[in-house]
Amino acid sequence: MPTTLITNARVIDPASGRDETADVAIRDGLVAEIGRDLDRSIADTVIDATDRIVTPGLIDPHVHLREPGGEHKETIETGTRAAVAGGFATVCCMPNTTPTMDRPEILYFVTSRAKETAHCRVFPVAAATVGRQGEQMVEVQMCQNAGAVAFSDDGDVVQSAGMMKALLTTIGELGSVFMQHCQDTTLTQNAAMHAGTVSTKLGLTGWPREAEEIIIERDARLAEVTGCRYHVQHISSAGSVEIVRRARRDGAPITAEATPHHLTLTHEACDGFDTAAKVNPPLRELRDAEAILEGVADGTITILATDHAPHAADEKAAPFEDAPCGMIGLETALSIYIEALVNSGLITWPELIAKMTINPARLCRLDERGLGMLAVGDLADITIIDPDLEWTVTSRELAGMSSNTPFLGRTVRGRAVATLVGGEVVMNRLNPHESVQFCRPGRAPASASF
Ligand code: DOR
Ligand code: ZN
């Protein structure tokens, strides 16, 4: 297999502690060598990465690819195209599809569709209960054997404490992880947005913080007694951050993820009934966003995800109460995180990259498959980032099928300029004068010039 050489990059690999200017040589899909002034004559392809940052391929543990059943919103092909456009080399897809990913044959469908059509690596998250109804546990072992890297009823909470304890006991025995969509539904009947001044002004039913916090409190206790790893999805309230902080301090096996929207936007974005900002859990207040930022900065929140949730334009055009919850995120997340966390001085580049590579890898035990790190011998999944590249978010710029994001029109700085999966360049916008190119793994030309 040909050799690719990435030269003169700032190479950041949090797993090994590397942060230095170096060249990276790639052969047979693996990292062959990292060092200064590697021999260019052996390379079939040379990528000049001067002033750019090279990291392990980004990993998003929370996306909705919508296939099967929601192909008018996104498919595995279009969703993973959006992923590599945003710098992600691996995504974990949620089970709220139609049919639900609650049994081996549906998981096999997803993994085989991914093999045929995906632009990056795809690992399914299985539903925890049949039909995500909260009543009957899935065949956890069979789902894990069929490729599930985690379990979640995302979109819905597991409301019953009894079911949660049973799930954590079983999932813990298998060494897997449970991901919770934290929403006590007895407190959110008919809720459309955060319970606050904006919901009052708009006359909409509110979704209060305590609906999230109560579930995390309860589950932290259950995680502690069962010893099962438990992960809080899309954390949205200041109180939740404090509960996770305390539980981690007490030694509970808890992790939490942030999303770009919960740490940069507030419920004000819903004013004027803007359905692009309708998301579950809802955007809250400035003090919540600030607490999430602080949680990211102090290490309470170790994972930066997207909750990429595509919806069709006509669905989002419905009245606010009826419109579906969710916004896309794969293509804007890195830029938003760079601005909100690194350019603001809250965390360093290696800290940002850890929360987008090795930490999500460990969550889903993908580090055991060689993902999330960039040392010699590791899989050559690589993201090349131009930290200064400015771009404006427009629907034309977006590679996925849907464009439901409140970030449309925003100019941001910092963007992935190439994504490599198994040593192949699957997304390439290295040349600012050319439009972005996509090439599915296994389809790359033997050599190319950049
Ligand atoms: O806003 C959301 N959209 N939150 C969820 O939990 C589910 C997701 C979706 O599937 O659209
Ligand atoms: Zn989700």
Side-chain angles (χ1 to χ4, degrees), residues 60 62-66 70 72-75 78-79 81-83 85-86 94 96 154-155 181 183 188 190-207 233-237 257-286 288-289 292 304-337 339-340 391-412 415:
D60 187 347
H62 188 157
V63 308
H64 298 267
L65 296 179
R66 302 298 190 210
H72 63 291
K73 301 172 194 261
E74 196 82 283
T75 63
T78 63
R81 182 149 36 102
M94 290 297 141
N96 62 339
D154 181 41
H181 171 112
Q183 175 181 8
T188 62
N190 303 316
M193 65 174 297
H194 171 64
T197 50
V198 180
S199 64
T200 305
K201 175 180 157 194
L202 298 179
L204 294 168
T205 306
W207 191 139
Q233 299 185 296
H234 39 49
I235 198 163
S236 74
S237 95
E257 75 191 23
T259 70
H261 42 280
H262 289 110
L263 56 73
T264 56
L265 302 174
T266 71
H267 62 161
E268 306 281 349
C270 300
D271 207 358
F273 298 98
D274 186 354
T275 59
K278 185 180 180 190
V279 67
N280 187 10
L283 303 174
R284 300 197 187 275
E285 299 178 30
L286 191 58
D288 298 291
I292 296 168
L304 298 170
T306 67
D307 194 10
H308 178 82
H311 291 291
D314 61 332
E315 296 165 329
K316 277 288 193 181
F320 197 92
E321 292 101 313
D322 305 330
C325 293
M327 56 183 78
I328 57 168
L330 282 165
E331 296 175 73
T332 47
L334 178 63
S335 306
I336 303 284
Y337 284 139
E339 285 208 336
W391 66 289
T392 301
V393 184
T394 61
S395 44
R396 262 198 62 207
E397 270 288 323
L398 297 174
M401 198 185 281
S402 297
S403 48
N404 54 302
T405 165
F407 293 117
L408 281 181
R410 190 184 282 222
T411 297
V412 287
R415 194 178 198 189

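All residue numbers in this chain count up from 1 along the given sequence. Computed from heavy atoms alone, side chains included, the values below leave out hydrogens, waters and symmetry copies.
For T394, the side chain to side chain donor-acceptor pair (under 3.5 Å) test picks out no residue, with sequence neighbours left out. Shown here are the side chain to side chain contact (heavy atoms under 4.5 Å, CB included) partners of T200, two or more places apart in sequence or in another chain: there are none. For K73, the side chain to side chain donor-acceptor pair (under 3.5 Å) test picks out H311, E315, with sequence neighbours left out. Remark: H261 engages T259 in a side chain to side chain donor-acceptor pair (under 3.5 Å) (not counting sequence neighbours). The side chain to side chain donor-acceptor pair (under 3.5 Å) check on D60 picks up T306, with sequence neighbours excluded.
Between E397 and R415 there is a salt bridge, with a side-chain nitrogen of the basic residue lying less than 4.0 Å from a carboxylate oxygen of the acidic one.
Side-chain contact between V279 and H262 is present, with heavy atoms from C-beta onward closer than 4.5 Å.
Screening residues 317-334 for salt bridge (Lys or Arg N to Asp or Glu O under 4.0 Å) gives no qualifying pairs among residues at least two apart or on separate chains.
One N or O on the side chain of K316 and one on the backbone of P324 form a donor-acceptor pair closer than 3.5 Å.
Aromatic ring pairs are classed by plane angle as parallel below 30°, tilted from 30° to 60° and perpendicular above 60°; the pair H267 and H194 is perpendicular.
A side chain to side chain contact (heavy atoms under 4.5 Å, CB included) with P310 is found for exactly one of T405, N404, L330, namely N404.
Looking only at atom types and distance, the side chain of R284 has a donor-acceptor partner in the side chain of S236 under 3.5 Å away.
Taking both residues in full, the closest heavy atoms of D271 and L202 are given as OD1-CD2, 3.7 Å, listed atom of the first, atom of the second, then distance.
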